[in-house]
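Following: one structure in structure tokens, then a few remarks.
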Amino acid sequence: MSVSFLLRLALLVLLLTFLANPQAFEPVFAPFAANGAPAIYTQSSLVALTLSHLAMVAAATLAATIVSVGFAILVTRPSGREFLPLSRSIANIGQTFPPVAVLALAVPVFGFGPIPTLIALFLYGLLPVFENALTGLTSIPASVQEAARGVGMTGGQRLVGVELPLALPIILAGIRLTAVISLGTATIGSTVAARTLGEVIIAGLTSNNTAFVLQGGLIVAMLALFIHEGFALLETALSRRTGGAQPA
Amino acid sequence: MGRAQTAGTGLAVGMRTGTYTDAGRKRRSGLDRLGAVLVVIAAAGLVFQPFSLVRPNRIVAAKPVALLSALPPLEAGLVLAVVIAACAVLLFRTGPALRLGVSVLTLAVLAMAIGRAGVYLTPTANSYARVAPGGAFWMMAFAFSIVLADASARLRLTPLSRLGLLALIAGAVGLLLYSGAWDSLSILREYANRADVFWREARVHLLLAVGSLAAAALVGIPLGILCFRVRPLRAALLNSLNILQTIPSMALFGLLIAPLAWVGAHVPGASAIGIAGIGVAPAFVALFAYSLLPMVSNTVAGLESVPPQARDAARGMGMTARQRFFEVDMPLAFPVVLTGIRIVLVQNLGLAVLAGLIGGGGFGTFVFQGISQTATDLVLLGALPTVALAFAAAIVLDALVEIANPTPARSPEA
């Protein structure tokens, strides 16, 4: 446990040092840059690209979370049950749309830039959160529901005080999935001129420079790793506090 | 791990879980809330959006044309009457069978109308003008497709009848394409200009998606069985596959260029079978790498889901280890493995688009060409077949999973 913790800490320090001073790593990447091409991407600052990448993922994940949790709450209330099968179908159908296709189809409508990417990430993020929120909200033991009703809680109080806290670890697992998938998918956004780390990868692809592809890909992969770990820690802490419900 | 399981719940779940609703839906007649929302969407499209878009050539700005001027007066009136009648049916609580019929009929009328509008709006003998479907068409198509999805979910169609419905729709679209009814639409104009290339790229796309799936199944299922048997291996292998999954797809495609170029240049016979840095090979290997995790983890999950009692009973009957494996473990794990195949196929059909970025071919070629030329029709020519393939693959495999697994382990009421 402590060894793997130290390993992760070392990786995090490595990533931050690289972002702060990429030129220091020039010798590491130099062997991958053919024909005397630069080994480190300098057209834009890697820190700015990373921040813009993370901001885009965060915005899309947040929006997807609000919408899917909202819908999951609506369709699990007695008045909204008739929408449940349909909302499930729509979220599933959304997932079969390839993200590149969503990007490509959004460009004619919204133009180049961050908007098509945000839309694709948002649509792609809906299903994992929605599925998990549904599982969380529908798997609360009947005895707990009865007890809450018995002490005289209203529907709204039960939702805020009982159902959501109990479902939170499972919902968080869905958000983690969405964030990690979005982090990788956001790189594709750079094909339609969104500012993400994909810019570095594309620069490498078009100029045949493996060093660029490698550093762009590595930064994204490490970010995904840390986000995954961070959420996992949060989930275990929460499910320990609420005493039970195992994250999916 | 979690990813595989969550994604695995598939379309079938949405279509299978109709049970909740009919209890919640009151039998008395009155306004249908979902129908009302969809009618508002369709009506807003009809009023505020053009039915067709006319461009003097493929890249200039489009001139919007409303439904009533996009068709000869008689036909326009007929289409409008059908849409209004369909909306009236949707607005009130009606049986799902009626709603299914109405939505299929309306979609068919819209499909024919958009083709007729193309013929009507194209100036005679002008090969540069482009007529494309507009917002009104897409919004109405969306609303009635949702009705179709909702009605088939409520009817709780059996897997076979879902496949039948899919075949019917695919057949109808095929017939429309074959008959030439849509030939004057801009997407098909793009197609006509490059029909040979289209089918070549379609073959490459399918080869990439299905070939890498087959390779991943051949490697991943045995690996999954091994992981199930050798516990220490399981965590190590699944963790490393999980890390592989975090590498962004675009970067993985790019990173494989250099090593494969080296293999192509240095390993005898490698270049003869098409291994090179640019092209199909890196795309194939990248798709294969992404497919491994769902295959391995679903095989492990499937074997884990075999009840110990079944194994005990088999042992008690005196079955040998080999018999237990092939006659008990594998058949019981099969539906979960099939779910893994479903996830991989849908994912690969979408990811194969990225092969277009590294010269690997497939429908991505059209998508990225279209993006760089800002030619929407070309983008659609690549994107629509991709979406249709992924969607059809999801429906077919979900039906197969349900057939293989007649009693779903996860019932929503539990």
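All chains are named by letter (A, B, ...) in the order of the sequence lines, taking the proteins before the strands, and each is independently numbered beginning at 1. Because only heavy atoms are used, hydrogens play no part in the values below, and waters and symmetry mates are left out as well, while side chains stay in. Everything numeric in this text was worked out from a predicted model, so none of it was measured.
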Checklist outcome for this item: When B:Ile371, B:Thr386, B:Leu354 are each screened for side-chain contact (heavy atoms from CB on, under 4.5 Å) with A:Val100, the one that passes is B:Leu354
Next on the checklist: Can you list everything that forms a side-chain hydrogen bond (donor to acceptor under 3.5 Å, both in side chains) with B:Gln369? Sequence neighbours excluded, please.
Outcome noted: none
Item to check | More than 12 heavy atoms from other groups under 6.0 Å of CZ on A:Phe71 | outcome: no
Item to check | Residue pairs passing the ring-ring contact (aromatic ring centres under 6.0 Å, His included) test where at least one lies in residues 175-223 of chain A, sequence neighbours excluded | outcome: A:Tyr41-A:Phe212
Side chain, backbone, both or neither: which part of [X] has a heavy atom under 4.5 Å from chain A?
| X | result |
| --- | --- |
| B:Leu351 | neither |
| B:Phe368 | side chain |
| B:Val387 | both |

Next on the checklist: Can you list the residues of residues 186-194 of chain A that sit under 4.5 Å from chain B, counting heavy atoms only?
Outcome noted: A:Thr187, A:Ile188, A:Thr191, A:Val192
Checklist entry - Mind checking what makes side chain to side chain contact (heavy atoms under 4.5 Å, CB included) contact with A:Thr178, not counting sequence neighbours? => result A:Thr61, A:Pro128, A:Val129, A:Ser182
Next on the checklist: I'd like to verify something: which residue of A:Gly217, A:Ala221, A:Gly184 has the highest number of heavy-atom pairs under 4.5 Å with chain B?
Outcome noted: A:Ala221
